[in-house]
Amino acid sequence: MASTRASNDLTQGPVFGHILRLVAPMSFGILAMMLVGVIDAYWVGKLGTDQQAAVQFVFPVSMLVMSISIGLGAGAVSVVARAAGRGDGESTRRVATDAITLSFIVVLLVSVLGIPLIGPVFRAMGATDAMMPFVHEYMTIWFAGAVFMVGPMVASNLLRAMGDAIVPSVIMIIAAFINMVLDPILIFGLGPIPAMEVTGAALATLIANMAVFVIAMGVLVFREKLIDFSWPGFDTLFWNWREIARIGAPASGSNMIGPLANTLVFAAIAPYGEPAVAGLGVGMRVEALALIPLFALSGSIGPITGQNGGAGLDARVREAFVKSFIFCWGWGASMAVLLLLAGRFLAPVFLPSEDGQAMAVAYWAIAPFAMGGYGVAMAAAAGFNGLGRPFLGVACNAFRGLVLIIPLSWLGGFLGGANGVIWGLFTANLIAGLLIGFLVLRYAPLTAKEGGKR
């Protein structure tokens, strides 16, 4: 055990080496989870338009719950990483346990409230009579099994906070593999297993999450010994919950800014017709694949800044930010060139109309060249969460999404039509990356901030 912990100590060794060690395996895990969404959509699409529309329609609500989970995970990472950086093993175990407990309680409350509200919520969102039976089928199972989805997410974040990059990624890949195998079996039936259609799609996800829940909790209990079964007393319990929520609540809200901004970008381009909307959507989806290492970076820098900040190694914290920003711009530039060269070959694969293809090609020729700026904003926000400074992270995402993305994409559309929306996105990400990077390294406090006294 000691050797495992020592090998994952992020306060020793090359900072950029730790960044790469955490980012590489997490990238594969994120890719696997993205493939699950694509394959789910493929199989459910074979059931019919209403079923496909219903399953796609639940995405915003599921993302809302996921944002809560991501926030809890960010809070757990911050508190556990800072405790690990201080070398406080007892506090690390206690906080890890209390983070798991808090996540279970929050998600159970969401599930209890969510199931009876399925009808009113989705009706208010505009679900049709034809869609509602399938929405009920899917979301009832989804809410009932939400704790099995959130548990592995929080457990994986705890392991990353301790510097373990491999096991969390393996957990994600196992979940994706089980889901992809079970999808066609449970949706269409096989042998004695009846066809369950939309219910089968939801059950495939639930079973996959249950399997990795057992794996993740087993790793925490038996390998890492991070779960403390003793009763800490209400004072300690509530103090830990408050500290996790101090990071987690702002992080949850911060994670909602990006989807909101993207929704309003689509609203900006909608007046220019369906081909423009379709081209922009395909352009963003393909770009998201190129962004995977930057998404992984945003999930990896928090443990590094948290451990080093907790240990008082401020120079290593600054180095983590500097090298993360350099990685973002370097990776973004290389992917931008690749998408520019491949765009005219990719567009016909996804889009039947020439207008839609032209929009996607235009997107890949412009927007990805500011991809690095998007990565800088994400990395800065996650790094501040790790330091226990979540409102600086909120400021980074709000500046990019609310101050720049929304107004500049609409202004671009007003001045330059559909392509102007793309130029607005490019300009917003470029300004965000350059200005956030400068302000973080020049003015921001790069020290860990602890909560109030117990």
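When reading the values below, keep in mind they use all heavy atoms of this one structure, side chains included, and skip hydrogens, waters and symmetry mates. All values reported here derive from a predicted model rather than from experimental measurement.
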On a heavy-atom basis, which atom in [X] and which in [Y] lie closest, and how many Å separate them?
| X | Y | value |
| --- | --- | --- |
| V44 | A201 | CG2-CB, 3.9 Å |
| A99 | L158 | CB-CD2, 4.5 Å |
| A261 | G401 | CB-O, 3.9 Å |
| R246 | P390 | O-CG, 3.3 Å |
| A360 | L351 | CB-CD1, 3.6 Å |
| C328 | L297 | SG-CD2, 3.4 Å |

With no hydrogens and no angle check, is any side-chain donor or acceptor of [X] less than 3.5 Å from a backbone partner on [Y]?
| X | Y | answer |
| --- | --- | --- |
| S27 | V23 | yes |
| K323 | A320 | no |
| Q307 | A161 | yes |
| Y272 | G413 | yes |

[X] bridged to [Y] by N-O distance under 4.0 Å:
| X | Y | value |
| --- | --- | --- |
| R94 | D98 | yes |
| E197 | K46 | no |
| R21 | D164 | no |

*Trace of the side chain to side chain donor-acceptor pair (under 3.5 Å) decision for E137 with T199*: CA-CA 6 Å; E137 282 183 43; T199 298; 2.8 Å; yes
*Going by the side chain to side chain donor-acceptor pair (under 3.5 Å) test, which pairs reach into residues 379-392, not counting sequence neighbours?*
R389-T447
*Scan for side chain to side chain donor-acceptor pair (under 3.5 Å) pairs involving residues 390-412, sequence neighbours excluded, and state none if there are none.*
S254-N397, R400-N429
*Under the side-chain contact (heavy atoms from CB on, under 4.5 Å) criterion, do D228 and E90 qualify, and how do the steps go?*
CA-CA 9 Å; D228 185 345; E90 182 178 351; 5.6 Å; no
Would you say the side chain of [Y] lies within less than 4.5 Å of the side chain of [X], judging by non-hydrogen atoms?
| X | Y | result |
| --- | --- | --- |
| V110 | F143 | yes |
| V95 | R82 | no |
| I100 | L220 | yes |
| K449 | L387 | no |
| F28 | I292 | no |
| F384 | T305 | no |
| P368 | E287 | yes |
| V147 | S111 | no |

*asked:* Once you measure the plane-to-plane angle for F213 and F148, does it fall in the parallel (<30°), tilted (30-60°) or perpendicular (>60°) bin?
replied: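 Perpendicular: the ring planes of F213 and F148 meet at over 60°.
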*Mind running side-chain contact (heavy atoms from CB on, under 4.5 Å) on M149 and V107 for me, showing each step along the way?*
CA-CA 10 Å; M149 171 189 67; V107 175; over 6 Å; no
To the closest 0.5 Å, what do you measure between [atom1] ([X]) and [atom2] ([Y])?
| X | Y | atom1 | atom2 | value |
| --- | --- | --- | --- | --- |
| N157 | S78 | CG | OG | 11.5 Å |
| Y374 | I436 | OH | CD1 | 11.5 Å |
| L35 | L289 | CG | CG | 8.0 Å |
| L10 | L313 | CG | CG | 11.0 Å |
| L72 | W241 | CG | CH2 | 11.5 Å |
| I115 | I141 | CD1 | CD1 | 10.0 Å |

*Hey, do the aromatic rings of Y363 and F426 have their centres closer than 6.0 Å?*
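No: the rings miss the under 6.0 Å criterion.
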*asked:* Atom CH2 of residue position W331 - does it have more than 12 heavy atoms of other residues, nucleotides or ligands inside 6.0 Å?
replied: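 No, because the 6.0 Å sphere around CH2 of W331 holds 12 heavy atoms or fewer from other groups.
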_Between I269 and V265, does the side-chain contact (heavy atoms from CB on, under 4.5 Å) criterion hold? Intermediate values first, please._
CA-CA 7 Å; I269 208 165; V265 169; 5.8 Å; no
Side chains of residues 167-193: which donor-acceptor partners sit under 3.5 Å, not counting sequence neighbours?
unit_1: S169; atom_1: OG; unit_2: P25; atom_2: O; d: 2.9
unit_1: S169; atom_1: OG; unit_2: M26; atom_2: N; d: 3.1
unit_1: S169; atom_1: OG; unit_2: A165; atom_2: O; d: 3.0
unit_1: N179; atom_1: ND2; unit_2: T205; atom_2: OG1; d: 3.2

*Should I301 and F321 be marked as a side-chain contact (heavy atoms from CB on, under 4.5 Å) after you check the CA-CA gap, both sets of side-chain angles, and the distance that decides it?*
CA-CA 8 Å; I301 188 174; F321 277 109; 4.3 Å; yes
